[in-house]
Amino acid sequence: MARKRWVISVFLLALLLALPALCAADGGTEYARNLQEVCTFNASTTDKLRRVYNQEARSSFETSKKNEAFIEIRSAEPIHALYIQWYGPQDPWILQTLENDQWVDQAEYGLDGFAQEVVKLDGFTDIRIVRRAEKGKATLNVFEITPYSEGELPPEVHQWKKAEKADLLIVSAHPDDEYIFLGGLIPTYAGERQMEVQVVYLTYARPLRLEELLNGLWVCGVRNYPEIEERKDFRSTSLRKFYDVWGKEELQKYFISVVRKYQPRVIVSQDIDGEYGHGAHKLAADISMYVFDNAGNSEVFPDCGAPWQPSKLYLHLYGEGQRSFDWNVPLDYFGGRTALEVAQEAWRCHISQQGGSVKDTKNREFRFTVRNGGYYDNAVFGLYGSTVGEDVALDDLFENIPVD
């Protein structure tokens with residue numbers, strides 16, 4: 001138990017250090033207070049209820065009841081915000097308040113399906129989170145619920161948004177591939193450059209990894225909630241097998257719709273050889289090439305939005321005309337930390353993946369970590385296609401593309 005508390009404390013400290021843009025320069029910001037200590041919690045079933053407010057966000061609490069499940073919070077002070085870390089993407093739910101000893105519906109939330117959700121309130125002291133089901137049992141499953149007082153929410157509260165458009169679309173096979181194989185790309189463009197970055201994942205495996213995924217992106221300055229294809233992962237070096245199991249046409253249609261929805265100017269993905277040979281990595285690269293070649297064609301999946309042609313597609317380790325980015329330049333947004341250092345911190349959010357390794361297709365051991373150099377240097381990319389000409393300076397993904 002003590003080790004779990006230590007890990008969470010270190011993690012929250014890392015978030016604070018990684019987000020200087022959110023911390024006031026004068027250092028005197030008084031953030032809203034965590035009200036858990038002045039609240040009492042109840043639920044439709046109370047076994048292990050303490051997990052909902054024990055500040056160990058890697059343990060979950062589930063409550064179920066026929067037709068309607070609830071988690072109730074009664075506070076000695078007015079609650080102005082709730083930060084809910086759900087156990088996976090959440091279905092819509094109802095907020096109730098107590099009026100004349102009766103629980104009254106106020107509004108429906110969870111409409112975006114975010115696994116980390118912020119709800120702003122008007123100073124209520126008695127509230128209920130309610131999930132209803134037309135048939136069978138209703139269920140609420142959360143990692144942690146934190147009520148806050150009035151004021152600016154602290155940096156560790158992740159206030160996600162839905163992007164309408166993206167400058168940069170990143171296609172990642174698994175959570176953590178975006179750091180191990182793409183290095184400082186996300187901190188550079190989402191944090192330092194303040195561009196709209198949208199990340200798309202093929203799979204996240206289980207709720208714990210989704211929580212790790214979101215925490216890592218937040219550390220890097222991403223504020224757009226990611227797109228996640230919930231495909232079940234498996235081990236294979238075969239691109240064809242992954243398409244057979246996951247559905248090639250279905251994936252093509254989905255990614256065409258994603259590109260047309262976000263209209264990115266640049267797409268970046270993984271190695272066509274799957275880095276150490278993983279078939280899902282190969283698929284991430286292959287599907288990215290497919291959408292670059294076809295998203296602008298009105299005859300391809302015409303029911304998936306208006307055609308959109310990205311300006312460029314870069315792939316990790318692609319081709320002969322490669323360029324190597326410098327992830328060791330200090331970044332102002334992160335208080336002088338480098339893009340590589342921030343990516344390494346984001347990788348450490350993936351607690352369940354620390355210490356892993358794999359044998360590559362040449363029987364060499366590859367340890368999962370974020371570093372420059374090595375067999376699969378995360379600073380090296382190649383230009384698969386461009387509608388704006390070849391790169392010359394080789395120092396910016398957006399070379400030759402006007403930046404707003």
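The heavy-atom pair separating Pro187 from Phe334 by the smallest distance is O-CE1, 3.5 Å.
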Go through the steps to decide whether Phe242 and His278 satisfy the test ring-ring contact (aromatic ring centres under 6.0 Å, His included), and finish with yes or no. CA-CA 10 Å; Phe242 268 93; His278 200 303; 5.6 Å; yes
Evaluate the criterion ring-ring contact (aromatic ring centres under 6.0 Å, His included) for residue pair Tyr314 and Tyr384; output intermediate values, then yes/no. CA-CA 6 Å; Tyr314 291 91; Tyr384 167 81; over 10 Å; no
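Counting heavy atoms from C-beta outward, Val118 and Leu82 have side chains that stay 4.5 Å or more apart. Using a 4.5 Å cut-off on side-chain heavy atoms (C-beta onward), Val142 and Ile129 make no contact. By the 4.5 Å heavy-atom criterion applied to side chains, Leu168 and Glu196 are not counted as neighbours. For the pair Leu315/Met289, a side-chain contact is recorded, criterion being any heavy-atom separation below 4.5 Å from C-beta on. Annotation: side chain of Tyr376 is in contact with side chain of Asp360 (closest heavy-atom distance under 4.5 Å).
Annotation: Glu37, atom CD; neighbour count of heavy atoms from other residues, nucleotides and ligands within 6.0 Å does not exceed 12. Shown here is Arg240, whose CZ atom has no more than 12 heavy atoms of other residues, nucleotides or ligands within 6.0 Å. Counting heavy atoms of neighbouring residues, nucleotides and ligands inside a 6.0 Å radius, atom CD of Glu150 does not exceed 12 of them. Other residues, nucleotides and ligands place more than 12 heavy atoms under 6.0 Å from the CZ atom of Arg364. Crowding of Glu365 atom CD: a count of heavy atoms from other residues, nucleotides or ligands under 6.0 Å exceeding 12.
Remark: the backbone N or O of Phe292 is paired with a side-chain donor or acceptor of Gln309 at under 3.5 angstrom. Between the Trp347 side chain and the Thr369 main chain, no donor and acceptor come within less than 3.5 Å of each other. Looking at Glu212, its side chain does come within 3.5 Å of a backbone N or O of Ser352 through a donor-acceptor pair. Remark: side-chain polar atoms of Asn100 are not paired, donor with acceptor, to backbone N or O of Gln102 under 3.5 angstrom. Judged purely by atom type and a 3.5 angstrom limit, Ser44 has no side-chain atom pairing as donor or acceptor with the backbone of Thr63.
The existence of a salt bridge linking Asp176 and Arg209 is confirmed by a sub-4.0 Å separation between a basic side-chain nitrogen and an acidic carboxylate oxygen. Comment: Lys282 does not engage Glu275 in a salt bridge, judged by the lack of any side-chain N to carboxylate O separation of less than 4.0 angstrom.
A ring pair (Phe, Tyr, Trp, His ring centres under 6.0 Å) with Phe114 is found for exactly one of Trp160, Trp93, Tyr225, namely Tyr225. For the side-chain hydrogen bond (donor to acceptor under 3.5 Å, both in side chains) with Tyr201, the qualifying choice from Glu229, Glu178, Glu227, His174 is Glu178, the only one to do so.
For an aromatic pair to be called close, the ring centres must be under 6.0 Å apart, and Tyr375 with Tyr276 fails this.
With 3.5 Å as the limit, one finds a donor-acceptor pair spanning the side chains of Glu211 and Gln116. Side-chain atoms of Asp326 and Asn372 include no donor-acceptor pair closer than 3.5 Å.
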